[in-house]
Structures are given as structure tokens and as C-alpha cells.
Amino acid sequence: MPLSTQSQSDDEQYVLVASLDNARHLSNILKAITFKDHAIFTATPNGLKVTVEDSKCLQANAFIQAEIFQEYTIKEDLVGFQINLTVLLDCLNIFGGSTVPGVSTALRMCYRGYGYPLTLFLEEAGVVTVCKINTQEPEEPIDFEFCSSNVTNKVILQSESLKEAFSELDMTSEVLQITMSPSQPYFRLSTFGNSGNAHYDYSKDSDMMELFRCTKTQTNRYKMSLLKPSTKALALSCKVSVRTDGRGFLSLQYLVRNDDGQICFVEYYCCPDEEVEED
């Protein structure tokens, strides 16, 4: 493909080069975290991490492993920049994001370093388009201090079952209440909307439950407005891990498998709206 015939001297000026045969694999994952215009890109030898934040209440991270790219070259231990995510997605879909079998947009993404734009070479059916997107110095992402050693409760569900729950709960509710407990109701989602209170319960033995590990009873409420962006990731995913720590902070980790069977992860962190006292 023409994109791979760029001269070696071109490559030497870049600190980061990443190529994909199908740009849709990247745009799909980025859409799952697009709820604000700006994103922080952090590249390491392991791959790309893209972070989007809302105030200090919500953070979404997309992890795209180096192996997913047909070519991934990085010349520094860490390469970071901030970019307008909406503009990036517009460029990735410049050919209309074709879903015709056998037709895909090839992508070569290059970055020369601090102060330089992110350059995209996109090719479809022999036509190459070059996009240059301004970058900014990345802000330091919020550290939610969510670490596995502080996780009190964790369940892994098949995504289909969580989609079903959201379709039955009242999304006019301002909050989603999550109860996780070693005893009944085990894992319960509750809403308090215009049509009254609604609960959706999962037994720890449910076929939809792949892992159930709860050490204490916790009930927390989370603003629905903060959780709604994560439904984009849910729609793409096949499994979801729901974790809470001792402070009631919520981690939703979605396992997303692309058309080629490769796996990426999207993670959302959300701070609790309020703690609910158990009777």
C-alpha cells in the first residue's frame, strides 16, 4: 500500500509512528470515550492510552495495545500530547467510515514531538489524504487513586445482560444506585425516575455473571449524567467488570473485541454522588 512506501528519512524525524490497515478499529474505540472535545494521548512501548475527563468526577481511558497496530514505533519511553478528539474522529472518518466488506481506510499516524501537529495519512482505494491536527501540551490526568488492592467488590458480567438492565431501568432517574453485597440482593441496580423506583437484580449464580467477588455490602449512588457516556463503550463490549473501592469510587472496565478478534479495553472511573446508609 502507498502509505508503507514513505521514505525511511521521513520516519526518522518522528518519535511515534502507528499504522492500521483499518482506521475504523481506532475510531470505534475513540467514539466510546468521546464526551468532551479534548483528549490526552499517552504513548509508551506497550501502546496508546487515550484519556478524556469531565470536571473531577469522571474519567475515561481507552487502551490500544501496540500489537493491534500493523506497525508501532516509538523512540522515547513516553510520548504525550493533548488533541481535539472531535477533529481527530472527523479526520479518521474522512472517507465516510466505509462499512462495505473488503473496503477499509488505511491509517498511518505520525508525531514528530513537542510543538508539532499529529499527522494522519489516510488511504482508501488508492486515494491518500493527509490531515495535520494541532497538538497541545498534555495536562496531567486526574489520579483517582483507584488501585486493585483497595477494591472491596468486583463482578464481571456479560455486556448483553447490562444492556438489558439499562433498557428496563428508568433512565429519567438522576442517579443510578448500585448495591453490591456478599448476601442478597448480591448485585442490584436501582433507579428513581418519573415512573417510580425500579430495581434490577443479579444472582451471584446467574449465567450472566462470570465473576462474583464481594467482601462487604456497599450501596452508592452515581449521577446518571456521568454514567451515560459509558453506554457507548457498553454497546461495543462483550464483557464488563464493575468494581468499587472502600470510598465508593466506581470502575467500569469494558472488554472490546474488534472485527479481527483483537482485544482493547475501555475504562471509566466515576466518583460517588453520595453514600447511602443501610438500614
Side-chain angles (χ1 to χ4, degrees), residues 1-6 14 16-43 46-52 60-74 79 81-111 117-133 135 159-160 163 228-240 252-268:
M1 96 185 164
L3 296 192
S4 60
T5 59
Q6 283 183 296
Y14 297 123
L16 176 69
V17 177
S19 300
L20 277 172
D21 288 344
N22 190 344
R24 201 154 54 95
H25 292 165
L26 180 61
S27 63
N28 281 349
I29 286 289
L30 295 181
K31 281 175 193 166
I33 59 166
T34 303
F35 53 89
K36 290 284 179 184
D37 278 345
H38 286 88
I40 301 161
F41 271 66
T42 310
N46 294 325
L48 283 180
K49 176 184 174 186
V50 187
T51 304
V52 179
N61 295 292
F63 301 93
I64 303 130
Q65 287 88 332
E67 302 81 56
I68 283 172
F69 296 94
Q70 275 70 52
E71 175 195 3
Y72 185 85
T73 309
I74 184 167
V79 173
F81 52 87
Q82 192 164 301
I83 198 165
N84 187 309
L85 193 51
T86 312
V87 171
L88 175 58
L89 280 169
D90 284 347
C91 292
L92 290 174
N93 294 304
I94 206 156
F95 289 108
S98 175
T99 53
V100 179
V103 177
S104 60
T105 303
L107 164 70
R108 187 173 169 82
M109 191 163 56
C110 307
Y111 179 61
L118 180 68
T119 305
L120 307 180
F121 298 90
L122 294 138
E123 187 221 349
E124 187 173 301
V127 178
V128 178
T129 299
V130 181
C131 302
K132 293 192 175 184
I133 307 169
T135 60
S159 297
E160 279 307 315
K163 290 175 198 170
K228 274 185 177 163
S230 74
T231 56
K232 294 180 189 173
L234 177 63
L236 287 176
S237 68
C238 49
K239 290 182 192 178
V240 56
L252 297 168
Q253 192 175 58
Y254 299 94
L255 186 151
V256 179
R257 194 175 273 117
N258 69 20
D259 301 340
D260 296 339
Q262 296 165 313
I263 288 170
C264 299
F265 289 96
V266 174
E267 185 162 43
Y268 274 81

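Summarising the geometry of Gln65 relative to Phe63, their closest heavy-atom pair is OE1-O, 3.5 Å, with the distance given to 0.1 Å. The nearest pair of heavy atoms linking Arg257 to Ile263 is NH2-CD1, 3.8 Å. Listed here is the closest heavy atom pair of Met109 and Leu48: CE-CD1, 3.8 Å. A pairwise comparison of heavy atoms in Ser27 and Asn93 identifies OG-OD1, 3.8 Å as the closest pair. Between Phe95 and Val127, the shortest heavy-atom contact is CZ-O, 3.5 Å. In terms of heavy-atom proximity, Pro229 sits nearest to Tyr268 at O-OH, 3.2 Å.
Taking the side chain as every heavy atom from C-beta outward, Val50 and Leu30 approach each other to under 4.5 Å. With contacts defined as side-chain heavy-atom distances shorter than 4.5 Å, the pair Ile29/Ile64 qualifies. When side chains are defined from C-beta on, Thr42 does not count as touching Val79, because their heavy atoms never get closer than 4.5 Å. For the pair Thr129 and Phe121, the minimum side-chain heavy-atom distance is 4.5 Å or more. Ile68 is listed as a side-chain neighbour of Cys264, based on a closest heavy-atom distance under 4.5 Å. A 4.5 Å side-chain heavy-atom check between Val52 and Leu85 finds at least one atom pair inside the cut-off. The closest side-chain heavy-atom distance from Asn61 to Ile33 is not below 4.5 Å.
Ser237 contributes no side-chain N or O that, together with a main-chain N or O of Val256, makes up a donor-acceptor pair within less than 3.5 Å. A donor-acceptor contact shorter than 3.5 Å links the side chain of Lys232 to the backbone of Thr34.
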Trace of the ring pair (Phe, Tyr, Trp, His ring centres under 6.0 Å) decision for Phe41 with Phe81: CA-CA 5 Å; Phe41 271 66; Phe81 52 87; 5.3 Å; yes
Apply side-chain contact (heavy atoms from CB on, under 4.5 Å) to the pair Arg24 and Leu92, showing each step before the final yes or no. CA-CA 8 Å; Arg24 201 154 54 95; Leu92 290 174; over 6 Å; no
Give the intermediate values and the outcome of ring pair (Phe, Tyr, Trp, His ring centres under 6.0 Å) for residues Tyr14 and Tyr111. CA-CA 5 Å; Tyr14 297 123; Tyr111 179 61; 9.1 Å; no
Determine, stepwise, if the pair Ile94 / Cys131 fulfils side-chain contact (heavy atoms from CB on, under 4.5 Å). CA-CA 10 Å; Ile94 206 156; Cys131 302; 3.9 Å; yes
Please walk me through it: do Tyr254 and Leu236 pass side-chain contact (heavy atoms from CB on, under 4.5 Å)? CA-CA 8 Å; Tyr254 299 94; Leu236 287 176; over 6 Å; no
Quick one: do Thr86 and Leu88 satisfy side-chain contact (heavy atoms from CB on, under 4.5 Å)? Show the steps, please. CA-CA 5 Å; Thr86 312; Leu88 175 58; over 6 Å; no
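Note: Gln82 CD to Thr51 OG1 = 10.0 Å, rounded to the nearest 0.5 Å. Taking CG of Leu120 as the reference point, atom CD1 of Ile133 lies at 4.5 Å (rounded to 0.5 Å). We find the CD1-CG distance between Ile74 and Leu16 to be 5.5 Å, quoted to the nearest 0.5 Å. We find the NZ-SG distance between Lys132 and Cys110 to be 10.0 Å, quoted to the nearest 0.5 Å. Between atom CG of residue Leu107 and atom NE2 of residue His25 there is a gap of 11.5 Å, rounded to the nearest 0.5 Å.
Using a 3.5 Å distance cut-off with no hydrogens or angles, the side chains of Ser19 and Gln70 do not pair a donor with an acceptor.
Taking a cutoff of 4.0 Å between a charged side-chain nitrogen and a carboxylate oxygen, Glu71 and Arg108 qualify as a salt bridge.
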